[in-house]
Peer 1: 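Here it is, the structure in full.
Chain A is the first sequence line, chain B the second, and so forth, proteins listed ahead of strands; every chain is numbered from 1. Hydrogens, waters and symmetry mates play no part in the numbers below; they use all other heavy atoms, side chains included.
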Amino acid sequence: MSKTEIRLAGFGGQGIVLLGNIIGKAASIYNKQYAALTQSYGPESRGGSCRAEVIISGAPIEYPYISNPQIQVILSQEAYNEFGANAPEGTLLLVDAELVKMDKPPAAKTFTIPASRIAQEMGRSVVANIIMLGFFSAHSDVVSHEALEKSVVDFIPAGSEAFNMKAFETGYNYSKKKHGPA
Amino acid sequence: MSKTEIRLAGFGGQGIVLLGNIIGKAASIYNKQYAALTQSYGPESRGGSCRAEVIISGAPIEYPYISNPQIQVILSQEAYNEFGANAPEGTLLLVDAELVKMDKPPAAKTFTIPASRIAQEMGRSVVANIIMLGFFSAHSDVVSHEALEKSVVDFIPAGSEAFNMKAFETGYNYSKKKHGPA
Amino acid sequence: MKLWRTPFDRNPDAEPLGYIHIDKIRCKGCGFCAEYCPREVLHMGAELNYKGYKLAAIKDESKCLACGYCELICPEFAITLILNSNANKSEEKHPV
Amino acid sequence: MKLWRTPFDRNPDAEPLGYIHIDKIRCKGCGFCAEYCPREVLHMGAELNYKGYKLAAIKDESKCLACGYCELICPEFAITLILNSNANKSEEKHPV
Amino acid sequence: MPDNGCLTGEFFMNGDNACAEGAISAGCRFFAGYPITPATEIAERMSRRLPVVGGTYIQMEDEIASMAAILGASWAGVKAMTSTSGPGFSLMMENIGLGIMLETPCVVVNIQRAGPSTGLPTLIGQQDIMQARWGSHGSYEIIALSPDSPQQMFDLTIKAFNLSEKYRLPVLIMSDEVVGHMSEKVVMPEIRTEDLFYREMPQKGAAGYLPYKTNGSLVPPMAIAGQGHHFHVTGLTHDERGYPVMTSRAQDQLITRLVDKIRLNADDIIMCNDYMMEGAEIVVVAYGITARIAQFAVKQAREQGIKAGCLQLVTLWPFAERRIGQLASQVKAFVVPEINRGQIVYEVERCACGRARTLLVPHSGGEVHKPAIISAAIRECHADR
Amino acid sequence: MPDNGCLTGEFFMNGDNACAEGAISAGCRFFAGYPITPATEIAERMSRRLPVVGGTYIQMEDEIASMAAILGASWAGVKAMTSTSGPGFSLMMENIGLGIMLETPCVVVNIQRAGPSTGLPTLIGQQDIMQARWGSHGSYEIIALSPDSPQQMFDLTIKAFNLSEKYRLPVLIMSDEVVGHMSEKVVMPEIRTEDLFYREMPQKGAAGYLPYKTNGSLVPPMAIAGQGHHFHVTGLTHDERGYPVMTSRAQDQLITRLVDKIRLNADDIIMCNDYMMEGAEIVVVAYGITARIAQFAVKQAREQGIKAGCLQLVTLWPFAERRIGQLASQVKAFVVPEINRGQIVYEVERCACGRARTLLVPHSGGEVHKPAIISAAIRECHADR
Amino acid sequence: MQIDDVTSYERSIAKYLRQDRLPHIWCAGCGIGPVLNCFLRAIDSAELNPDLVSVVSGIGCSGRVAGYVKLDSFHTTHGRAIPFATGLKLANPQLKTVVFSGDGDLVAIGGNHLIHAARRNIDMTVICINNFTYGMTGGQVGPTAPLDVRTATTPYGNFEPPFNLPWLLHASGASYIARWTVLHLHQLELTIVEALRRPGFSFIEVISPCPAIYGRMNKEPEGLDSLRNYIKRSVIKHGAGPRETAIDHKGPIVVGKFLDIDQPTLQDHLIGVAAKAKKPVKK
Amino acid sequence: MQIDDVTSYERSIAKYLRQDRLPHIWCAGCGIGPVLNCFLRAIDSAELNPDLVSVVSGIGCSGRVAGYVKLDSFHTTHGRAIPFATGLKLANPQLKTVVFSGDGDLVAIGGNHLIHAARRNIDMTVICINNFTYGMTGGQVGPTAPLDVRTATTPYGNFEPPFNLPWLLHASGASYIARWTVLHLHQLELTIVEALRRPGFSFIEVISPCPAIYGRMNKEPEGLDSLRNYIKRSVIKHGAGPRETAIDHKGPIVVGKFLDIDQPTLQDHLIGVAAKAKKPVKK
Ligand SMILES: Cc1ncc(C[n+]2csc(CCOP(=O)(O)OP(=O)(O)O)c2C)c(N)n1
Ligand SMILES: Cc1ncc(C[n+]2csc(CCOP(=O)(O)OP(=O)(O)O)c2C)c(N)n1
Ligand code: SF4
Ligand code: SF4
Ligand code: SF4
Ligand code: SF4
């Protein structure tokens with residue numbers, strides 16, 4: 001049965017756990033898959049590095065931890081150094097180009113987006129994660145675009161739907177523009 | 001191996017546990033017997049009834065509780081009603097006549113002394129228990145007279161030795177006078 | 001220091017306002033009632049109860065003001081004040 | 001409210017009393033140093049460190065009074081004040 | 001959300017939140033707690049949800065007070081809960097004992113982290129299992145459940161309330177950090193009245209009510225404060241009237257009933273889940289998140305042709321003594337992975353009574369077992385002759 | 001009284017007082033406690049005796065503070081003790097865990113009464129035996145001793161201090177109300193330096209001292225405050241430097257050592273007394289005052305021609321696993337009288353592993369067993385075929 | 001002799017006293033009995049619905065009070081009466097919750113709960129029997145014992161300064177604070193009535209003899225000795241300030257009503273929370 | 001450029017800081033770091049023998065301080081730093097014992113130990129970081145949180161009145177009480193020095209931002225937001241009375257040295273006990 005492991009990594013305050021929740025809910029509630037989200041906790045997740053990991057599967061998930069993520073979303077240099085740089089061939093790497101310098105091209109299939117800069121340009125730096133989610137949606141079919149959209153709306157503050165949808169589409173379109181249709 | 005069980009019973013404040021300690025120490029330290037003292041505890045031992053029980057034996061004592069005391073020293077009506085009145089034949093019963101009214105003669109061999117009145121007459125009602133101890137010594141050889149004497153001195157406040165010895169002898173002599181030499 | 005408010009200067013010849021009942025089984029001889037009765041109705045007697053406590057006793061019931069203080073202060077709930085409904089009702093009653 | 005005691009009116013043309021070293025790995029960009037430097041020696045720059053924090057930076061070291069407040073208030077122990085022993089010693093020293 | 005404020009439908013949430021929602025659905029309307037990782041999210045969600053459903057949330061000054069407060073609330077007739085982790089659980093022990101002695105329904109959740117002492121506050125342990133059984137002084141029996149997922153957090157919280165109301169004692173939910181913090185789909189059905197158990201109560205103001213007089217069953221009806229019963233209850237040894245009686249005889253009567261109400265109802269209380277148990281020769285006995293890791297290993301073993309199965313202990317206490325005893329005669333070995341240095345394994349070993357091998361797969365804590373370690377243990381037992 | 005203020009000679013005193021004198025003789029110079037029946041006499045005697053021998057007595061605001069204070073005192077280099085009974089013991093659990101984690105020598109005395117909760121405050125129980133082993137959260141091992149007389153109260157208190165200094169952990173004395181309150185002769189020998197064990201310490205001010213670096217043995221030398229080591233210790237999982245390390249690996253290293261220092265030294269720690277064990281077919285396994293009652297019953301049984309013996313568990317924890325295992329192959333049955341509803345019996349049963357029958361003689365508490373009840377159990381096992 | 005059908009005892013307290021439990025466990029001359037008596041009269045005088053009064057005690061001689069009142073009554077664990085009562089009260093705000101216990105219970109082991117309950121200004125009346133010692137366990141030093149007194153654990157004299165309870169409670173946030181001795185029974189009754197009827201946290205300290213233990217060690221071996229001492233040393237001073245309410249071994253014992261202020265109670269605040277919560281918010 | 005061999009940092013605090021443990025765990029803009037810095041300077045300025053200084057912390061963000069000071073240092077259990085330090089101090093009166101911890105640790109779960117230590121007037125300096133919340137566990141309401149603030153457990157606003165800590169400590173018996181904000185670092189240093197050097201129980205409250213949690217929920221998402229707020233709201237008033245030292249959500253934050261009195265310490269009393277005990281008494 002198909003099973004996809006996703007890692008989202010960056011630092012505290014970027015809304016990484018929220019991303020994990022959005023993806024997990026999209027997969028499990030709207031796409032009727034199985035999904036399990038685990039995350040880093042404690043003071044570390046406030047100041048320092050932060051991580052959320054999602055498994056999406058067609059069958060019940062016994063072991064809830066990822067071992068070899070097929071997809072990694074990297075939002076800090078530290079996270080890149082620790083995880084992204086070593087991502088093996090055949091896996092997908094999505095990187096915020098604004099926050100990460102890559103010395104040499106990683107083995108994984110890598111796509112970059114300056115999500116945090118775009119967010120700033122849009123006037124609300126908090127939506128960087130949603131932009132990244134749109135970018136993610138453009139590059140992976142593990143969760144449907146519609147499911148992600150619905151899930152975003154579930155998690156954001158009331159009143160900010162339109163703005164967040166715009167951010168989501170911006171991320172999605174950035175990819176389409178840059179890389180052509182997937 | 002010889003084994004004697006002794007019960008001392010009355011109410012709180014009479015110095016009953018002290019008596020138990022004096023007898024126990026006399027037996028175990030000065031007479032080189034085995035002795036175990038158990039006693040009633042808790043708020044009950046302050047206001048209400050109070051009990052101390054001593055086993056004296058020539059061999060180690062495994063079970064430290066008395067079952068059929070050969071000697072009972074009774075210092076309150078309540079204690080008499082509960083224990084003294086039913087003391088079986090062949091056992092020894094020593095009673096403070098001032099505090100206890102006996103409706104009918106008990107089955108046990110019974111001797112009485114108005115210890116508390118004598119104590120009052122001596123000017124220090126606290127020594128009633130030591131008077132009773134002297135009386136006890138006159139009626140039982142389970143602990144030697146000398147051992148009891150030494151033990152009394154160990155337990156009383158410094159400076160009160162002479163007075164307590166007088167009380168002890170008073171109790172002892174009361175018996176001799178009343179009942180003749182044992 | 002004021003502990004009670006029933007008048008001390010009530011006519012001593014009037015019929016007693018109350019009668020005192022002391023439960024001899026409960027009394028532990030603390031002496032509170034005797035000490036704080038404003039009219040010395042009670043005192044500590046010589047009798048012992050079966051537990052060995054010296055009992056409170058009535059000395060002169062006729063003086064009782066029915067102030068209720070002995071009943072209130074008795075730690076043992078051993079005193080019952082029985083009100084005399086015959087007595088002069090116009091005099092101030094105990095404040096309880 | 002008085003937070004420090006080094007004179008603000010020190011001759012601005014004198015050699016700086018101290019030099020500031022900021023540890024870029026430790027700095028978390030809280031901005032305390034920049035905000036509370038009495039002489040605006042520091043400001044928040046645009047550079048991010050590898051963890052993503054925006055770094056404090058030196059704006060004009062020449063004004064430094066060596067008051068030590070930035071060093072004291074930096075929550076990260078990221079600032080070291082290096083005293084300039086060449087500078088005019090007669091002026092009052094930082095009170096630490 | 002239905003009118004009563006209970007959630008229904010499908011949610012993606014972590015175990016802590018699911019536990020809080022389970023409590024709300026079970027009718028819990030009082031929560032007293034003190035923050036502690038990794039249980040804090042339960043308190044936080046209760047603080048938000050309770051005022052909405054007409055309940056009361058209070059953060060007490062510590063865990064001792066929290067435990068005492070839920071006992072008080074329960075005696076006011078309200079279903080009550082607290083949540084904590086190891087250090088707070090240790091502090092609650094004295095008043096859990098009071099709950100047992102007064103026979104007070106309530107639920108105590110322990111989201112276990114790794115100890116002893118402060119240990120690894122944000123990382124998993126399953127090390128308070130024996131503490132749950134033995135942590136308070138005195139002789140008693142307890143009920144403890146162990147969920148393996150957010151869904152079970154929801155379901156077993158309702159179950160815990162039901163058991164606590166039925167048997168009148170604090171029921172413990174012995175979860176762990178991974179289950180508490182992991183998010184998955186949670187289905188919350190509409191709860192019907194008949195799904196919930198409420199303590200039996202005397203008629204309001206009924207004369208002659210005695211707080212600890214049973215009527216055939218081992219569980220006496222429970223009066224609550226304010227109903228005119230003017231009853232007394234005490235943590236001292238007491239008789240049917242609730243009055244202290246300081247005798248060995250009264251003690252024996254009381255303790256025998258307290259112990260028997262659990263021991264004699266063990267079959268009603270004990271829940272186990274069978275996973276690939278048909279014809280199993282090697283049975284992995286596990287609980288909490290470890291049950292899922294074990295199932296992963298069992299599945300692999302079956303693929304390799306080893307007749308392995310997994311028995312999930314949903315109820316930890318009372319221990320599934322009979323079940324293990326029966327299995328012991330049928331199977332070759334028990335493999336017991338625990339995130340501790342040996343706790344439930346003692347019970348398995350005792351009940352196996354030498355008839356089947358018992359192999360502990362210990363883990364000091366901080367993460368779950370690697371499935372391969374459990375697999376290796378299964379293979380080791382399989383290779384035994 | 002010798003110059004050092006320690007008593008020597010023969011005394012008639014109760015177990016509580018003997019315990020206090022044992023502590024003084026063992027070099028205990030700090031006591032923090034909180035009154036509780038039936039342990040209060042220990043505190044009272046310490047309050048009188050400690051100032052005489054240059055020590056400090058303090059009554060803290062509760063048992064939690066008492067336990068914390070003796071840990072602090074131990075880190076100031078002073079042998080320290082506290083005493084309590086069930087309810088206070090429950091409250092101490094969290095900080096007993098801290099003692100284990102910091103590896104702090106100290107002695108905790110529990111004079112057991114009957115519970116749960118307030119229970120029978122002035123009457124005997126032996127119901128905190130499993131709590132002693134499992135009462136704090138997390139994975140750990142502990143040492144617990146069980147005296148059967150005032151004399152053993154004296155002797156084992158010294159032993160407890162020695163073990164705590166040697167293995168660096170809180171050592172528990174699990175006595176009971178009868179032993180605590182009963183008076184008998186107590187012989188107090190002159191204690192020589194070589195009778196006492198003091199923790200190994202780094203050289204004063206030695207550079208490079210690491211608080212948890214061991215040198216081959218499983219027990220690291222212990223610095224004390226004020227000696228210039230400037231060390232750090234924490235209840236968090238830590239490395240050799242005493243620094244927190246929040247990883248499963250660090251946890252495993254630490255817990256493994258904490259557990260192993262007891263498990264691997266079990267033979268050094270465990271003490272049992274044999275009573276009429278020659279050729280025994282029925283072995284009564286007992287501890288505390290119950291061991292004496294059991295001996296009484298065994299003597300009677302022998303008189304009736306039944307080959308009974310009694311194994312007194314002087315050390316309760318670590319459990320005498322090997323001894324019971326060996327005996328299991330030799331004897332017909334174990335009879336386990338306890339003043340609880342089954343605690344140590346679980347261990348006996350587990351270690352017997354089906355090779356010998358195990359028969360619990362439970363007692364709910366409030367008094368000791370009637371010897372006849374134990375005799376009956378012996379006869380029942382004897383009649384078994 | 002013609003007498004009333006009812007005695008004053010029957011009229012006022014009989015219905016609130018568990019007579020089937022008498023005699024109680026307190027020693028001869030102990031002050032707890034009179035305070036209990038007075039409390040029961042106050043319950044009557046306050047004209048509360050007794051069905052709605054709950055009495056919670058901790059452990060100690062004073063803590064046995066819950067066992068003698070014929071009201072819903074809870075004898076809990078040592079020091080934990082207040083949090084238990086907090087749960088009762090919050091779960092059913094209709095209840096009048098009275099905590100009746102000893103100084104050791106409330107201020108030693110239970111001190112934290114006491115100050116936090118006062119801080120919260122929860123509707124609750126706490127009656128604290130202060131006998132300067134732990135009676136139940138045999139007279140050890142308590143946190144209210146004056147310096148230098150002898151107790152079972154201070155054979156060389158007490159070396160710890162005591163709390164000044166009215167001050168501590170005031171600083172913690174209580175609304176109503178009073179102190180009487182066991183002799184001021186009429187004043188005490190009025191004070192209890194007042195406390196029961198008012199909202200917020202009220203604290204009443206009652207100085208009470210423990211002759212059997214504390215008294216015996218401090219030259220007041222009879223309850224009467226202490227009472228005579230109280231008469232000598234008591235000074236009524238309503239509104240007395242913190243400096244005046246400290247109690248030492250020999251000096252004056254200032255009694256009276258020290259504080260009586262209106263301030264929002266926890267319940268008041270909680271009503272506000274409920275109102276805000278009921279406004280639908282996005283989940 | 002010619003510079004001094006040593007920096008001010010090296011001269012004063014480097015020797016007391018566990019540099020091998022940096023970076024510490026505190027969030028960006030957290031106030032604990034500056035207070036630690038200041039404390040280390042005070043240790044230096046007080047010219048104590050550092051070998052004899054012990055630092056004890058409980059659990060919390062503030063409780064991590066013990067882990068960063070290069071002195072004998074103990075990271076204990078939540079709320080129990082004070083009794084642990086009490087044991088240390090009593091067993092070796094030579095030691096200077098400093099308890100450094102958070103308001104939740106010291107005043108919520110640890111409140112009883114705090115007031116009892118103050119009552120005993122034990123030689124001990126307690127530094128309390130008051131950030132109005134439980135930082136470590138994610139920003140729940142603390143017993144110092146002003147009414148109406150948002151926290152993780154008061155989503156509808158805090159409904160419990162907070163303690164006024166200087167008042168509580170005064171009423172408990174402390175000898176020395178001061179409060180500063182994290183901006184008053186020079187004053188704070190002097191105060192700590194003074195407290196360290198004096199006998200008896202001293203308590204220093206430091207108002208400190210927790211931007212990551214408490215600030216984020218209360219419109220001060222950056223540490224700087226809080227600091228600016230403190231500047232606006234702080235009023236220095238030495239000797240301020242109890243009515244003035246309460247802190248609400250918006251009003252002034254009165255800082256300064258509130259109490260500094262000489263009174264016998266626990267150690268003074270214990271010396272008396274030892275003297276009496278040494279006189280031979282009959283056993
Ligand atoms: C946790 C716990 N610790 C200790 C005890 C023992 N204990 C019972 S009552 C008491 C003190 C009672 O003192 P106080 O509250 O002043 O009441 P009093 O007996 O003087 O009326 C103590 C310490 C206990 N029951 N539980
Ligand atoms: C017994 C216990 N209960 C709860 C916790 C969880 N806990 C850790 S830190 C903390 C609160 C810390 O708050 P505070 O002392 O104010 O420090 P801050 O983190 O705000 O600096 C709590 C509740 C614990 N470790 N132990
Ligand atoms: S007050 Fe009560 S107990 Fe005391 S003497 Fe009078 S009747 Fe007896
Ligand atoms: S104070 Fe320190 S951490 Fe903050 S910005 Fe300045 S250098 Fe960076
Ligand atoms: S010990 Fe003291 S407080 Fe307790 S009942 Fe006796 S006199 Fe009263
Ligand atoms: S959570 Fe708050 S108190 Fe803790 S480190 Fe972060 S800012 Fe500081």
Side-chain angles (χ1 to χ4, degrees), chain A residues 1 3 5-6 8 12 16-68 143 147-148 150-157, chain E residues 9-17 36-41 85 111 113 118 120-124 148-151 176-188 275-276 284 286 288-300 310 312 366-375:
Chain A
M1 207 100 50
K3 180 166 136 189
E5 300 182 349
I6 306 170
L8 310 155
I16 284 176
V17 172
L18 182 72
L19 272 196
N21 270 293
I22 292 172
I23 296 172
K25 179 163 186 183
S28 69
I29 308 292
Y30 297 118
N31 281 350
K32 303 288 171 201
Q33 302 264 87
Y34 290 87
L37 164 69
T38 56
Q39 63 194 88
S40 63
Y41 260 91
E44 291 71 24
S45 72
R46 296 203 284 267
S49 64
C50 179
R51 226 160 72 209
E53 297 171 342
V54 188
I55 300 182
I56 297 171
S57 170
I61 299 163
E62 289 100 6
Y63 186 74
Y65 287 97
I66 67 170
S67 28
N68 300 302
V143 200
L148 285 173
K150 278 196 228 169
S151 191
V152 166
V153 171
D154 288 344
F155 281 100
I156 57 171
Chain E
E10 294 188 344
F11 299 85
F12 186 73
M13 59 168 64
N14 72 20
D16 280 357
N17 284 330
I36 186 166
T37 309
T40 309
E41 289 88 338
S85 189
I111 311 294
R113 58 196 225 182
T118 314
L120 297 172
T122 63
L123 299 176
I124 189 174
D148 70 354
S149 60
Q151 181 66 54
D176 54 58
E177 186 271 340
V178 172
V179 169
H181 277 167
M182 174 171 64
S183 297
E184 289 187 334
K185 178 162 79 181
V186 178
V187 182
M188 304 186 196
Y275 181 88
M276 298 194 171
V284 187
I289 189 64
T290 308
R292 288 169 59 162
I293 317 299
Q295 286 161 13
F296 191 89
V298 161
K299 201 164 61 178
Q300 285 183 333
C310 175
Q312 183 200 351
E367 56 188 26
V368 300
H369 288 80
K370 300 259 172 290
I373 297 175
I374 301 174
S375 301

Peer 1: Would you give the length of the straight line joining atom CD1 of A:I61 to atom NZ of E:K185, rounded to the nearest 0.5 angstrom?
Peer 2: 10.5 Å
Peer 1: Side chain, backbone, both or neither: which part of E:I289 has a heavy atom under 4.5 Å from chain A?
Peer 2: side chain
Peer 1: Which bit of A:Y34 comes within less than 4.5 Å of chain E, counting heavy atoms only: side chain, backbone, both or neither?
Peer 2: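 Answer is neither: A:Y34 stays 4.5 Å or more from chain E.
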Peer 1: Going from CD on A:E62 to SG on E:C310, what distance comes out if it is rounded to the nearest 0.5 angstrom?
Peer 2: 10.0 Å
Peer 1: Could you give the distance from NE2 (E:H181) to CD (A:Q39), rounded to the nearest 0.5 Å?
Peer 2: 7.0 Å
Peer 1: Atom OG1 of A:T38 and atom CG of E:N14: how far apart are they, to the nearest 0.5 Å?
Peer 2: 11.5 Å
Peer 1: Which residues pass the side-chain hydrogen bond (donor to acceptor under 3.5 Å, both in side chains) test with E:S85, sequence neighbours left out?
Peer 2: none
Peer 1: Does the side chain of E:H369 come within less than 4.5 Å of A:Y63's, by heavy atoms?
Peer 2: no
Peer 1: Between E:R292 (side chain) and A:P64 (backbone), is there a donor-acceptor pair under 3.5 Å?
Peer 2: no
Peer 1: Evaluate the side chain to side chain contact (heavy atoms under 4.5 Å, CB included) criterion for residues A:L37 and E:F12: first the C-alpha distance (whole Å), next the side-chain angles of each, then the deciding distance (0.1 Å), finally the verdict.
Peer 2: CA-CA 9 Å; A:L37 164 69; E:F12 186 73; 3.8 Å; yes
Peer 1: Of all residues at least two apart in sequence or in a different chain, which pass the side-chain hydrogen bond (donor to acceptor under 3.5 Å, both in side chains) check with A:K32?
Peer 2: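 Once residues adjacent in sequence are excluded, the partners of A:K32 under the side-chain hydrogen bond (donor to acceptor under 3.5 Å, both in side chains) criterion are E:E10.
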